[in-house]
Asks: 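Let me begin by handing over the structure; questions about it come next.
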Amino acid sequence: MLKLINFENYPDMCKKAASIIAAQIIMKENSVLGLATGSTPIGIYELLSEWCAKGDLDFSRIRTVNLDEYCGLSAAHDQSYRYFMNKHLFDNVNIDKVNTHVPNGLAQDAEREGAKYDELIELLGGIDLQLLGIGHNGHIGFNEPSDFFVSGTHCAKLTQETINANVRFFDDLSQVPKTAVTMGMRSIMNARKILLVANGDKKKDIIQKAINGPVTPKVPASILQLHPDVTILYSIA
Ligand code: GLP
């Protein structure tokens with residue numbers, strides 16, 4: 001079942017998203033959280049960091065698996081998703097970094113690395129709550145529009161649209177990675193709960209397509225219509 005909740009502004013949306021994640025942590029202290037990057041989750045991670053600093057949230061037994069990582073960027077690169085996660089969440093909460101997992105963007109054998117990542121998720125007992133953003137073309141993680149849904153963690157070729165959208169984080173277009181390792185649809189769809197967050201006018205159409213359009217790999221997020229427990233938080237501003 002898919003539930004859409006609309007918000008007037010980004011801070012309200014973040015408060016709701018952070019509350020849902022906090023409830024999950026309180027309900028199950030060793031939850032496996034699937035985490036996302038992009039600009040949208042930043043306000044959510046800020047709130048979770050604040051609540052943890054105040055002593056209202058305990059991340060000490062939490063395990064995390066991130067959706068994706070750029071190929072070719074080391075963890076120390078300031079645009080890598082590992083760096084992003086450390087900066088916006090892991091460094092600010094009492095999580096044990098050993099329990100935080102981000103795909104390895106430097107892996108030589110992407111297929112083997114992908115299989116290993118999927119095994120890890122299974123070993124952890126699967127994802128309790130998966131946080132997702134959405135790209136302008138409907139991608140989730142880095143599952144780009146395609147002729148078929150890819151099941152396992154894999155190396156994805158980024159579309160020009162995604163590369164253009166991500167140039168804002170780099171010095172110029174030539175610096176933007178062209179490929180990324182991303183969790184596939186199996187791990188995402190096997191998450192027990194999914195929370196998708198999006199904000200801004202520009203995401204309005206794609207959210208509508210994902211919710212009400214046909215389920216098609218041309219709009220990767222449309223697969224969520226087939227999941228039993230999805231909440232979408234959308235804020236117009
Ligand atoms: C990147 C990430 C996605 C994210 C998307 C949207 O492409 N791989 O996981 O959902 O950005 O980013 P933003 O929230 O900045 O619009």
Side-chain angles (χ1 to χ4, degrees), residues 7 9-11 13-14 16-18 21 33-47 64-73 77-85 87-89 101-105 114 117 127 129-146 149-150 153-170 173 175-185 187-189 191 194-207 209-211 219-224 230-237:
F7 296 84
N9 59 66
Y10 177 72
M13 185 193 81
C14 288
K16 181 71 175 182
I21 297 169
L33 301 179
L35 297 177
T37 56
S39 55
T40 316
I42 291 177
I44 302 166
Y45 294 151
E46 254 171 39
L47 282 173
T64 69
V65 282
N66 259 78
L67 281 167
D68 46 15
E69 179 61 282
Y70 286 120
C71 292
L73 299 194
H77 191 290
D78 67 0
Q79 289 309 326
S80 76
Y81 285 165
R82 162 55 78 178
Y83 189 96
F84 174 103
M85 289 310 302
K87 177 175 170 198
H88 292 288
L89 187 67
H101 307 279
V102 179
N104 177 7
Y117 203 66
I127 298 166
L129 173 65
Q130 176 66 56
L131 178 66
L132 294 176
I134 185 169
H136 294 109
N137 59 8
H139 74 224
I140 48 179
F142 268 131
N143 291 276
E144 295 278 44
S146 160
F149 291 115
V150 183
T153 298
H154 61 284
C155 179
K157 194 168 169 289
L158 305 186
T159 60
Q160 197 56 47
E161 194 181 358
T162 297
I163 293 169
N164 294 344
N166 289 340
V167 73
R168 65 196 148 128
F169 301 114
F170 294 85
L173 209 56
Q175 308 283 308
V176 188
K178 310 293 182 285
T179 52
V181 193
T182 182
M183 221 186 254
M185 293 303 192
S187 299
I188 296 175
M189 289 297 281
I194 294 179
L195 176 63
L196 185 147
V197 292
N199 79 308
D201 222 12
K202 284 196 194 137
K203 296 266 172 87
K204 200 175 169 185
D205 289 350
I206 195 66
I207 289 286
K209 267 196 205 165
I211 297 175
V219 181
S222 64
I223 198 173
L224 300 176
V230 180
T231 303
I232 297 182
L233 308 182
Y234 172 70
S235 112
I236 188 81

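Whatever order the structure lists them in is the order used to number ligands and atoms, beginning at 1.
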Asks: Rounded at 0.5 Å granularity, tell me how far CE in Met183 sits from CD in Gln130.
Replies: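 Rounded to the nearest 0.5 Å, the CE-CD separation comes to 5.0 Å.
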Asks: Contact between Ile188 and Asn143 at the side-chain level, heavy atoms closer than 4.5 Å - yes or no?
Replies: yes
Asks: Give one line per pair: atom of ligand 1, protein atom, distance. Only N/O to N/O under 3.5 Å.
Replies:
{"unit_1": "ligand 1", "atom_1": "7 (O)", "unit_2": "His139", "atom_2": "NE2", "d": "2.9"}
{"unit_1": "ligand 1", "atom_1": "8 (N)", "unit_2": "Asp68", "atom_2": "OD2", "d": "2.8"}
{"unit_1": "ligand 1", "atom_1": "8 (N)", "unit_2": "Gly141", "atom_2": "O", "d": "3.4"}
{"unit_1": "ligand 1", "atom_1": "10 (O)", "unit_2": "Ile134", "atom_2": "N", "d": "3.2"}
{"unit_1": "ligand 1", "atom_1": "14 (O)", "unit_2": "Ser39", "atom_2": "N", "d": "3.3"}
{"unit_1": "ligand 1", "atom_1": "14 (O)", "unit_2": "Thr40", "atom_2": "N", "d": "3.0"}
{"unit_1": "ligand 1", "atom_1": "14 (O)", "unit_2": "Thr40", "atom_2": "OG1", "d": "2.4"}
{"unit_1": "ligand 1", "atom_1": "15 (O)", "unit_2": "Ser39", "atom_2": "N", "d": "2.8"}
{"unit_1": "ligand 1", "atom_1": "15 (O)", "unit_2": "Ser39", "atom_2": "OG", "d": "2.6"}
{"unit_1": "ligand 1", "atom_1": "15 (O)", "unit_2": "Arg168", "atom_2": "NH2", "d": "3.1"}
{"unit_1": "ligand 1", "atom_1": "16 (O)", "unit_2": "Lys203", "atom_2": "NZ", "d": "2.7"}

Asks: Could you tell me whether the side chain of Ser80 and the main chain of His77 form a donor-acceptor pair under 3.5 Å?
Replies: yes
Asks: Using the ring of each side chain (for Trp, its six-membered ring), is Tyr81 parallel, tilted or perpendicular to Phe84, with breaks at 30° and 60°?
Replies: perpendicular
Asks: How long is the gap from CG on Asn166 to CZ on Phe142, to the nearest 0.5 Å?
Replies: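 Interatomic distance, Asn166 CG to Phe142 CZ, rounded to 0.5 Å: 5.0 Å.
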Asks: Roughly how far apart are Thr37 OG1 and Asn66 CG, rounded to 0.5 Å?
Replies: 6.5 Å
